[in-house]
**Q** 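Dumping the structure here so I can ask a few things about it.
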Amino acid sequence: MPEIFEFDFMIRALIGGSMVAILAPAFGLFIVLRRLSLIADTLSHVALMGVAIGFVTSIFPTFVALIATTSSAAGIEQLRSRGKLPGDAALAVFLYSSLAIAVIVISKSSGFNADLFGYLFGTVLSINDRDLWLIAVLLIVVILFVVSFYAELTQSAFDQDLAHTSGVRVTATNLALAILTGATVTASMRVVGVLMVGALIVIPVLAALRLARGFRTALVLAIVFGLLSVWVGLTVAFYADLAAGGSIVLTTVAMLILSEVLGRIRDSLPSRRTLVNPADDSSSASVQELDTAGE
Amino acid sequence: MMVDNSDIPEVVARKPLMPEGTGDPELPDDRSVVCEFDNTWYSYGGGEPAVESVSFQVRRGDFAAILGPNGSGKTTLLRLALGLLKPSRGSVELFGESSSRFRDWSRVGYVPQRVEGLGTRFPATVEEIVEQGLYRGFDPLAIFRRHGQKKVLDALEVAGISHLRQRAIESLSVGQRQRALIARAIVGDPELLFLDEPVSGVDAVGRDRFHELISSLNKEHNMTVFLISHDIGAVMQGATVCACINRTVVFHGAPHSLTGEHLSELYGFPVDVLLHDALHEHR
């Protein structure tokens with residue numbers, strides 16, 4: 001057995017990391033396509049506030065963070081959908097107010113600076129059973145949600161007006177998406193830390209979007225890139241003695257570069273049906289028929 | 001479709017409100033009303049009204065063309081009809097129900113105007129987009145459904161893009177994307193089709209083909225059409241009824257009774273020139 005599997009903490013890190021590697025990109029796909037990538041960043045700062053409050057009140061910090069992120073996500077979505085504030089302004093208000101509260105709470109109390117450092121930059125190597133259970137429950141909830149509301153989520157990601165006129169309840173879908181984004185951020189925070197949560201939600205998705213032509217393929221590829229990033233990142237961190245969170249995030253960036261390279265290779269191949277060349281199709285037969293019919 | 005007969009006397013009684021020449025005189029006017037604006041007003045953020053006291057009806061079987069200059073409120077009217085906006089005053093009804101409360105969306109198809117940005121960087125094949133038009137409420141197994149349904153293939157065929165089925169939506173030209181969205185709108189066989197014609201990005205040949213397709217959907221597939229257009233000449237050939245909008249209704253009636261004077265009033269300059277240019281030389 002390789003050395004990496006001999007340590008209990010590494011096994012735990014791999015289990016927790018893998019669950020988050022499925023959770024974050026699966027959900028991230030919808031967030032990126034709705035152009036809400038920055039919501040992950042905002043909610044991670046809200047999570048930090050939750051963690052700080054959790055430390056001070058001696059309540060399980062991840063749990064407090066979960067409550068804070070999901071309720072803030074709902075608040076942001078309400079402000080945005082009712083047009084009270086533009087989307088980015090709502091995000092800014094939540095980001096800075098929660099960060100300010102976190103700073104005040106942290107400065108008023110002392111003695112958890114080391115733990116706090118872990119929450120900021122990731123503590124996957126010291127992840128405990130309680131965290132693993134919480135992540136597992138969130139993973140199940142999110143998978144059930146994505147699978148059962150697949151049609152609603154893809155429709156509203158494509159276009160909100162079209163979704164509405166197809167009969168999708170767009171407002172409810174958006175609200176559920178926002179709340180579960182909060183949950184996803186909280187779960188991912190344990191692995192890569194508050195400051196890099198967005199990376200795990202966004203970057204594997206960007207890599208998948210470079211290569212995928214269909215929606216389901218994109219979903220699967222995003223998860224594959226997420227898993228590869230966590231496994232490679234953790235392994236490198238273990239043998240090279242690096243910070244695990246940073247190592248995982250740099251691996252996601254490497255995946256993005258890899259997908260770009262693969263994409264370019266594919267584009268340059270004379271593919272079966274010129275699937276990637278948009279200029280070609282106007283010359284195809286059935287369009288020509290229509291052309292002449294239109295004269 | 002179920003026709004609520006109790007509505008008809010009321011509609012007839014309201015007719016004097018409408019400008020003369022409503023509807024195509026060749027068609028009997030006991031056809032049910034599928035979309036109705038009744039003294040509808042709308043203003044964005046409480047400012048100047050974008051739509052002012054608009055009243056007209058679209059009846060089953062109509063090919064209604066809505067014409068008007070830029071910023072005349074045409075697209076606002078469409079958004080009101082689709083329940084995407086709520087009128088500040090008056091009402092908008094779809095199949096006899098307030099459009100903001102309307103839920104029976106399987107009866108309605110919609111093709112938006114801005115197709116360029118739509119689907120850019122979106123990972124979906126043309127087929128996946130067209131399948132969206134078959135949405136009929138919550139279906140937890142939707143993710144496992146197989147592609148290649150007959151309805152989807154038929155809609156692609158009607159829209160003339162069968163050969164693009166497996167293509168990524170973002171790799172299509174504007175004209176092709178528009179056809180994909182038409183296929184998406186008609187795949188569920190709606191009774192009423194709303195279309196907002198794009199201002200740019202489609203050449204003259206593309207626009208002619210577009211109008212021909214809409215005409216055939218109206219005549220051969222019996223869809224009632226509500227088309228927002230910029231192309232008066234092409235619309236005159238297929239439309240059965242025409243409404244000219246400049247915040248309020250300037251003209252409403254059969255296209256052949258639309259005169260140069262109406263158009264001059266609408267656009268604020270002599271229209272002969274515009275007609276020729278719009279048809280063949282512009283764009």
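Please read all numbers here as calculations on a predicted model, not as lab measurements. Lettering of chains follows the sequences in order, A, B, ..., and the numbering in each one begins at 1.
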**Q** Do the rings of B:Phe122 and A:Phe158 sit parallel, tilted or perpendicular, given the 30° and 60° boundaries?
**A** perpendicular
**Q** Take atom CZ of B:Arg136 as the centre, draw a 6.0 Å sphere, and report whether it contains more than 12 heavy atoms from other residues, nucleotides or ligands.
**A** yes
**Q** Please look at A:Val32 and chain B and tell me whether the side chain, the backbone, both or neither of the residue comes under 4.5 angstrom of a heavy atom of that chain.
**A** neither
**Q** Between B:Val108, B:Leu213, B:Ile129, who has the most heavy-atom pairs with chain A when the cutoff is under 4.5 Å?
**A** B:Ile129
**Q** Is A:Leu144 close to chain B through its backbone or its side chain, or both, or neither, when contacts mean heavy atoms under 4.5 Å?
**A** neither
**Q** Closest heavy-atom contact between A:Ala212 and B:Pro123?
**A** O-CB, 4.3 Å
**Q** Heavy-atom distance under 4.5 Å between the side chains of A:Asp161 and B:Tyr110, does that happen here?
**A**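 Contact flag for A:Asp161/B:Tyr110 side chains = yes.
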**Q** Could you tell me whether A:Arg82 atom CZ has more than 12 heavy atoms of other residues or ligands within 6.0 Å of it?
**A** no
**Q** I need the minimum non-hydrogen distance between B:Arg184 and A:Ser166, along with the two atoms involved.
**A** NH2-OG, 3.0 Å
**Q** Given heavy-atom pairs under 4.5 angstrom as the criterion, report whether the side chain, backbone, both or neither of A:Phe215 touches chain B.
**A** both
**Q** Applying side chain to side chain contact (heavy atoms under 4.5 Å, CB included) to A:Val147 and B:Phe144, what does each step give before you reach the verdict?
**A** CA-CA 9 Å; A:Val147 167; B:Phe144 304 113; 3.9 Å; yes
**Q** Between A:Ala208 and chain B, with a heavy-atom cut-off of 4.5 Å, which part of the residue counts as in contact: side chain, backbone, both or neither?
**A** neither
**Q** Measure distances from A:Leu162 to the heavy atoms of chain B and classify the residue's part below 4.5 Å as side chain, backbone, both or neither.
**A** both
**Q** So for atom CD, which belongs to A:Glu260, do other residues, nucleotides or ligands contribute more than 12 heavy atoms lying within a distance under 6.0 Å?
**A**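 Result for CD/A:Glu260: enclosed.
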**Q** Can you name the nearest heavy-atom pair linking B:Leu84 to A:His164, along with the distance?
**A** CD2-CD2, 3.5 Å
**Q** What part of B:Leu134 gets closer than 4.5 Å to chain A, counting heavy atoms only: side chain, backbone, both or neither?
**A** neither
**Q** For residues B:Arg145 and A:Arg216, report the shortest heavy-atom separation together with the two atoms involved.
**A**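 Result for this residue pair: O-NH1, 3.1 Å.
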**Q** With side chain to side chain contact (heavy atoms under 4.5 Å, CB included) as the test, would you mind laying out the steps for A:Arg213 and B:Glu128 before giving the verdict?
**A** CA-CA 10 Å; A:Arg213 197 167 294 129; B:Glu128 281 179 306; over 6 Å; no
